[in-house]
Amino acid sequence: MARELSQRADIRSEIMEINLGPHHPSTHGVFRAIVELDGEIVLNCTPYLGYLHRGYEKTCENKKYHQVIPLTERCDYMGASSNSLAYCLTVEKMLEVEIPERAQVIRVIMAELSRIFSHLFWLGTHGHDVGAMTPLFYMLREREEIMNLFELTAGGRLMPNYIRIGGVAKDLEEGFVDRVRAFTNHFDTRVDEYETLLTKNIIYMDRTKGIGLLPLDKAISLGVSGPMIRAAGKAWDIRKSEPYCGYERYDFDIPVEYGCDVYSRYLVRVEEMRQSNRILKQAIQQLPEGPFLATAPGKVFPPQQDIYTKMEALIHHFMLVVEGVRLPVGDCYQSIESPRGELGCYIVSDGGTNPYRLKWRAPAFVNLQALSEMSKGCFFADLIAILSSIDIVLAEVDR
Amino acid sequence: MNDDRIKEKLSEKFGADTLQFETYLGQMSILVPSEKILDVGRYLRDDPELKFDFLTFVGGVDYYPARPRFELVYQIYSVSNTQRLRLKARIDDTDSGPASIESVSKVWMTADWHERETAEMFGVVFEGHPDPRKLLLPDEWRVHPLRKDFPLMGTEEDTPDLPS
């Protein structure tokens, strides 16, 4: 109806350009877009990026390999552990270090906790964007539990900075496994609770069904990955297609929806939280005893206890701190399934102690490119719903 | 679909000497002559057996002071075959202008923003790009931060093109 009104000849109408952002609550950071409007209909949407560009890749080129880890977590601060995991996997692949079983399982626990963490916050703010205030308070309740878990074992609440080249920084804190078990036992019922708020909510369905269509062929040619491509009917999950960290040993499903719209993306993410919870339950079940850091002198830091008691360990530790680790000459790309999609790290090494070049394949950066495609012809208010369905983290988009 | 089959098909199509194949840590990369990048890309995407329909990223590497100076990296993926492949092309500044290569955004739409970012960071030109504006950096900057001769930190004299 709105379209008919705006096209009537006797009504004065002209294209209006409005500026959205960079400071706007719905942009989840500093994102700016120039939106061309015909009445309330979006004709074109041109994103302007770079307000949060910090020269991440240049900084990495000037840091030693071990020093890059905390930087990676500042990219996607919502799924922090996924970032350091992607980076460490790439470096380990080039160093050819074998990771102990226990460390693998701990990494899976951290990665899945951060996936739930990220999806929870997304769900809360997404609800907020389409006018549902209530969900956010429920999400923050569970998010707080996960932050407490991070704090318990790693010290940091938002950015644990826990994963290291060769394993993890230290062993799990006493009581951590019991608290994760308690969390996994009640989390499923909490997801049911969230679903009562939105899934069958007629206002929410009206706002999201059939909005922001991105069919599969468009999604592939735009390089879209993660929950967005799964909501377009493609069961592609890197945890299944190219397993890392022993994901092939876990029993879980890839949620797929065929609506290609905002509502499908919502359903996929909600189901992903349930699946992550399933993985967490299995992970704490099969958590083996053993070392949490690989034994690779000269490549991986020796355990703290050995530094105090063994001469060689002290020397290796000293050399790693003063000089850093050297990667063989070559290049390598490794990707993981982050909460937002394919998160990849491409490292070029010249044999030195710094990455010669580090390219960060940020999923939010690529997915955001689909915004103009998805928002053409929709209402301006829907543009906000579509933008929030991409699940952007601007720190990762701008790097 | 394995690496040997890709090698065979590409050699058959473009001639055995045109492309250089290299495998490191189980990842195959192909060095493509820079003027052939669009043809190779289009063939890899459209061939019904290869189907590299997904571009993961486009990036650049600066090998200053070596020549040719820039290497462009195209990481591609086949969603249906779950196969990864890396294309590389080397370009250099010429007397007539800055280093340039044809844009692959006609083949993979993903390349749009990646090429804009690479262009501003390295000062290379992607010919035929639909929207060759800057992406992350301010419009008035004339410098290219990811070049190896760009200082990490310094005074205003070191970076005269940056607004103070």
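Side chains are part of it too, since the values below use all heavy atoms of this structure and drop only hydrogens, waters and symmetry mates. In what follows, every chain begins at residue 1, and chains take the letters A, B, ... in the order their sequences are listed. Computed from a predicted model, the values in this text were never measured in an experiment.
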[X] versus chain B, heavy atoms under 4.5 Å apart: side chain, backbone, both or neither?
| X | value |
| --- | --- |
| A:P328 | both |
| A:D217 | neither |
| A:K93 | both |
| A:I238 | side chain |

Point to revise | A:E242 side chain near B:R84 side chain, heavy-atom distance below 4.5 Å | key: yes
Check your understanding: Would a 4.5 Å heavy-atom cut-off, applied to side chains only, mark B:L135 and A:F365 as touching?
Key -> yes
Practice item. Please work out whether the ring planes of A:W236 and B:Y77 are parallel, tilted or perpendicular, with thresholds of 30° and 60°. Key: parallel
Review point. Any idea how B:Y63 and A:Y356 line up, ring-wise: parallel (<30°), tilted (30 to 60°), or perpendicular (>60°)?
Key: parallel
Practice item. Under 4.5 Å, counting heavy-atom pairs only, tell me which of A:L52, A:V224, A:D350, A:I229 racks up the most with chain B. Key: A:V224
Study note, to complete from the structure: Interface check, chain B: of A:V348, A:D331, A:V366, most non-hydrogen pairs under 4.5 Å belong to A:D331
Using atom types as modelled and distance alone, determine if a side-chain donor or acceptor of [X] lies under 3.5 Å from a backbone N or O of [Y].
| X | Y | value |
| --- | --- | --- |
| A:K359 | B:V73 | no |
| A:E342 | B:T56 | no |
| A:S221 | B:F54 | no |

Review point. Can B:R133 be said to sit on top of A:Y48's aromatic six-ring, NZ or CZ under 6.0 Å from centre and within 45° of the ring axis?
Key: yes
Once you round to the nearest 0.5 Å, how far does [atom1] of [X] lie from [atom2] of [Y]?
| X | Y | atom1 | atom2 | answer |
| --- | --- | --- | --- | --- |
| A:E57 | B:E117 | CD | CD | 5.5 Å |
| B:D53 | A:I220 | CG | CD1 | 5.0 Å |
| B:K148 | A:E61 | NZ | CD | 3.5 Å |
| A:S241 | B:N81 | OG | CG | 12.0 Å |
| B:Q75 | A:S335 | CD | OG | 8.0 Å |
| A:T59 | B:L152 | OG1 | CG | 6.5 Å |

Practice item. Identify which part of B:R116 has an atom lying under 4.5 Å from any heavy atom of chain A, answering side chain, backbone, both or neither. Key: neither
Check your understanding: Using non-hydrogen atoms only, which part of B:L55 is less than 4.5 Å away from chain A: side chain, backbone, both, or neither?
Key -> backbone
Top contributor to chain A interface from [options] [non-hydrogen pairs under 4.5 Å]:
| options | answer |
| --- | --- |
| B:L136, B:V61, B:D131, B:L25 | B:L136 |
| B:G59, B:G26, B:G60, B:S29 | B:G60 |
| B:K88, B:E22, B:R45, B:K134 | B:K88 |
| B:T82, B:V107, B:L137, B:D62 | B:D62 |

Practice item. Salt-bridge test for A:R357 and B:E71: reply yes if a basic N is under 4.0 Å from a carboxylate O, no otherwise. Key: no
**Study point:** Non-hydrogen atoms of A:Y333 and B:Q27 that approach each other most closely
**Key:** O-NE2, 2.5 Å
